Amino acid sequence: MPDPYKPDPGHAGGGMEKPMRQVEIVAPVWRKLRAERPLIQNVTNFVVMNLTANALLAVGASPAMVHAPEEAGEFVRLASALVVNIGTIDATFAEGMRRAAGGAREAGIPWLLDPVGVGATQLRRDITKELLAFKPAIIRGNASEIMALAGEAAASKGVDSGESSESALRAAHALHEATGAVVAITGLVDHIISQDGVASVEGGHPLSQSVTGTGCMASALVGACLAVAPPPLAALAGLTLMKGAAEQAARDAEGPGSFAVRLIDALALLSDART
Amino acid sequence: MPDPYKPDPGHAGGGMEKPMRQVEIVAPVWRKLRAERPLIQNVTNFVVMNLTANALLAVGASPAMVHAPEEAGEFVRLASALVVNIGTIDATFAEGMRRAAGGAREAGIPWLLDPVGVGATQLRRDITKELLAFKPAIIRGNASEIMALAGEAAASKGVDSGESSESALRAAHALHEATGAVVAITGLVDHIISQDGVASVEGGHPLSQSVTGTGCMASALVGACLAVAPPPLAALAGLTLMKGAAEQAARDAEGPGSFAVRLIDALALLSDART
Amino acid sequence: MPDPYKPDPGHAGGGMEKPMRQVEIVAPVWRKLRAERPLIQNVTNFVVMNLTANALLAVGASPAMVHAPEEAGEFVRLASALVVNIGTIDATFAEGMRRAAGGAREAGIPWLLDPVGVGATQLRRDITKELLAFKPAIIRGNASEIMALAGEAAASKGVDSGESSESALRAAHALHEATGAVVAITGLVDHIISQDGVASVEGGHPLSQSVTGTGCMASALVGACLAVAPPPLAALAGLTLMKGAAEQAARDAEGPGSFAVRLIDALALLSDART
């Protein structure tokens, strides 16, 4: 496998220095994930359940898609981390989310909130407000979602962001201050806001915008890393993996369909090559 | 990319003349879709949520899979078109469909009804009857579904049609008369019945029958076109795109799995080549 | 297509004799499936609905994913076999399962139970206990699930098994005695326990462990075979197909993403080559 982080002689070398250092920082997290195979519970949306389960398996984690109110709070006690994604929420899923996040909070299990399309409807605004009370370790969203969550007006079209990730930096800082959570804004460049300051992850590929659920996949990977690393490092490790895999997948992709398939292959190859 | 509509010298030329003219007619719709990136709300089934979201992204639309009763009617006011597909319906989804279609009707947003397996159970017959009152702009189904919806007995096996699309022409005319909707019957040849008469779309590939949700994908594409074109043209544009993409995807497919992946690639390439 | 059951000269020949004989035994079942195209109803989980529908189409069956309490018991009377999979169960799905399995029992339609993650929560233990009263013809699970169902303690992590299939043989025998069902334990080697004794299926590929839903896919294939063959033969035919397809898919796979796509291609090629 070619190493996507090896500086490409066809590029100016300078821009790669930061990502190279990042990979050295996060590779031990990827290794730990593959070695420990933590159980990651996902209360997530119908569109991406298959995709994110496969992404988690590809990097060595053990996914469980468990959301029913009758068992979500019981199951989370078996898990090493929890991911809550409101993409296709309804009243039943909302209750499953409360129980899973509530159980995680009680049992001290770290969890990540992905507030998909939070600006679009009252249901989404209400449930995210409730869920924030259960103290997520990480919040990951696109710029529009982070701005909406922080109470700022944002241009969004459904679940796609109409804003650059940089435009949400102020909102992300405010959200971090208000909640204590690490806040990750993903986009052309990803930004991670924590008590350590701001870390950024460059790279990736525009084809990611043409495949549904790549943001949800990033959340799932960050959530998995949360089982084996503290929140700021987990966010960096998950997002670096996602950006690197997208670059690699795009190389031989013939369109968004083959890109999505290669993305899973690339997650496996990339995380495995570092173990 | 090779142009799938360029007459293949290995074929008799005559049969391609009609599709070639069709592509010239519909290509502006594909271009408008990519330029305007309309938000398309889908209340659809679990089997195809991922596939149809990816098909919509591939052709440049912005999909949102929003079905909860608590938000479906609120969300539709943000959308440019709505697709309602009863594939895995239950009581909760039925209520989401009523609210979405009702909201669309109130707000003047065009919508498409896909009556999956309508002949199979009472639940499906009841909900489609209710939904027709909200005046869909287009109804798309296979022959068995169109016949069942028009009150004719039809041979069907679950969700697969046991009839040729031609056998449903009379039923489609009756349904068009009764509802005012453009009626699209898909099959080996697709037929579109509107006030303009009957338009037909040939081509496609039998492998489409071996992949779940290709009919639902056709509905989603037609629904997206409905955001930027009047119903008869939207149906022609969406179905021509689907048939062309299937032909292209089949060329190097090694079976139904790789065909499904290439179908998404082909949708992106085909619609992009015309913009 | 190369025949995956032809002894590979690079391997010791002896080990292939049994699989070769098995293929001769089960190929008529595959042929019958493709010839009769039976309607297979699935009450299954969100993660694998698309994957298992495509697997069923690939081998020539006609899948229907119908689970709503309002129609599951009505629909099953149209089906030739039923598959019930508790992967993402909640109260509504549990009711759909009761009605589908109850309807199948009444109408004499054979059905398969896949007790996904049964050891993990009370909800799963309760529903499987209830469902066993409707007399499934086949129970398929991994070692941890079969042990949990038989009342033995098992090491499991969520839905993945922590045990070898051999470790569940005693539990499988007890479960077969108690329920009368054919019990299939899948793993590195699959074992089928019936009144005829124990049959084993070797082969397959470790990449199957890195793709979500391959166990569910095996259940769906076995369930489809149940429409055209008695339970012990159906189990053998479905699991032999799955192992053979995995071997073939792994040959050119570049990771779990491309493996999953090739698995569907291989199911189509393998079952078609024998018809």
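First the proteins, then the strands, lettered A, B, ... as listed; each starts at 1. Being a predicted model, the structure only gives us computed values, none of them experimental.
- Scanning all heavy atoms of the two residues, the minimum distance from A:Thr121 to B:Glu71 falls at OG1-OE1, 2.5 Å.
- Between A:Arg124 and B:Val66 the shortest side-chain heavy-atom distance falls below 4.5 Å.
- Residue A:Val47 comes nearest to B:Met65 through the heavy atom pair CG2-CG, 3.5 Å, listed as atom of the first residue, atom of the second, then distance.
- Residue A:Val211 touches chain B through both its backbone and its side chain, counting heavy-atom pairs closer than 4.5 Å.
- Minimum interatomic distance between B:Glu74 and A:Ala120 (heavy atoms only, all atoms of both residues): OE2-O, 4.1 Å.
- The minimum heavy-atom distance between B:Glu70 and A:Leu123, with the atom names listed, is CB-CD2, 3.9 Å.
- The distance from atom OG of A:Ser210 to atom CG of B:Leu267, rounded to the nearest 0.5 Å, is 12.0 Å.
- Heavy atoms only, all atoms of each residue included: B:Leu57 and A:Thr212 are closest at CD1-N, 3.3 Å.
- Among all heavy-atom pairs drawn from A:Ser258 and B:Asp265, the shortest one is OG-OD2, 2.7 Å.
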